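Just the heavy atoms: all of them, side chains too, but no hydrogens, waters or symmetry mates, feed the values below. All residue numbers refer to positions in the sequence shown, counting from 1. These figures come from a predicted structure and were not determined experimentally.
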Amino acid sequence: AGAFYVFPCIRSSGLSSDEFCERLLYAQKVAVVPGNAFGECGEGFIRVSYCYSLGHLREALGRIRAFLEDCGKKKPILSGMEETQCHANS
């Protein structure tokens, strides 16, 4: 059995894991899990499931990008994951 998750660092956003997840859900309707739900060492990270269609992943990443831009932070945490997802279907 395997898992389909990534655990990106969101520290550059300046938000706690809980704040990031709550604001992302409210602002962009994207649900992710705060890293601190997995222990104290998880603070500053979020857990993102990628067990969805490529279309859903692209939509979610676009919304996360918009959220980060609204926060004044330009997506340093997701650029690698987004590149992988976008080129997977090319």
Study note, to complete from the structure: Rounding to 0.5 Å, atoms SG (Cys21) and CG (Asn36) come to a distance of 8.0 Å
Exercise for review: Work out which heavy atom in Glu19 is nearest to a heavy atom in Ser16; give both atom names and the distance.
Suggested key: OE1-N, 2.9 Å
Review point. Given the rule that I, L, V, M, F, W and Y join up when any side-chain heavy atoms are under 4.5 Å apart, are Val33 and Val48 in one cluster?
Key: no
Exercise for review: On the 0 to 90° scale, with breaks at 30° and 60°, tag the Phe7-Phe45 ring pair as parallel, tilted or perpendicular.
Suggested key: parallel
Review point. Under a single-linkage definition using a 4.5 Å side-chain heavy-atom cutoff for Ile, Leu, Val, Met, Phe, Trp and Tyr, are Tyr26 and Val30 assigned to the same hydrophobic cluster?
Key: no
Exercise for review: Measure the spacing between CZ of Arg47 and OG of Ser17 and express it to the nearest 0.5 Å.
Suggested key: 13.0 Å
Review point. Atom CZ in Phe67, atom CD1 in Ile10: separation rounded to 0.5 Å?
Key: 8.5 Å
Practice item. Under the salt bridge (Lys or Arg N to Asp or Glu O under 4.0 Å) rule, collect the residues that match up with Glu59, sequence neighbours excluded. Key: Arg63
Practice item. Please determine which of Asp70, Asp18, Leu15 meets the side-chain contact (heavy atoms from CB on, under 4.5 Å) test together with Arg23. Key: Leu15
Exercise for review: Please check if atom CZ in Phe38 has more than 12 non-hydrogen atoms from other residues, nucleotides or ligands closer than 6.0 Å.
Suggested key: yes
Exercise for review: Taking the side chain as every heavy atom from C-beta outward, state whether Ile46 and Phe20 have any atom pair closer than 4.5 Å.
Suggested key: yes
**Study point:** Neighbour count >12 (heavy atoms, 6.0 Å) for atom CD, Glu22
**Key:** no
Check your understanding: Are Tyr5 and Leu24 connected in the hydrophobic side-chain network, where two residues link if heavy atoms are under 4.5 Å apart?
Key -> no
Practice item. Calculate, to the nearest 0.5 Å, the distance between atoms CZ and CD belonging to Arg11 and Glu43 respectively. Key: 8.0 Å
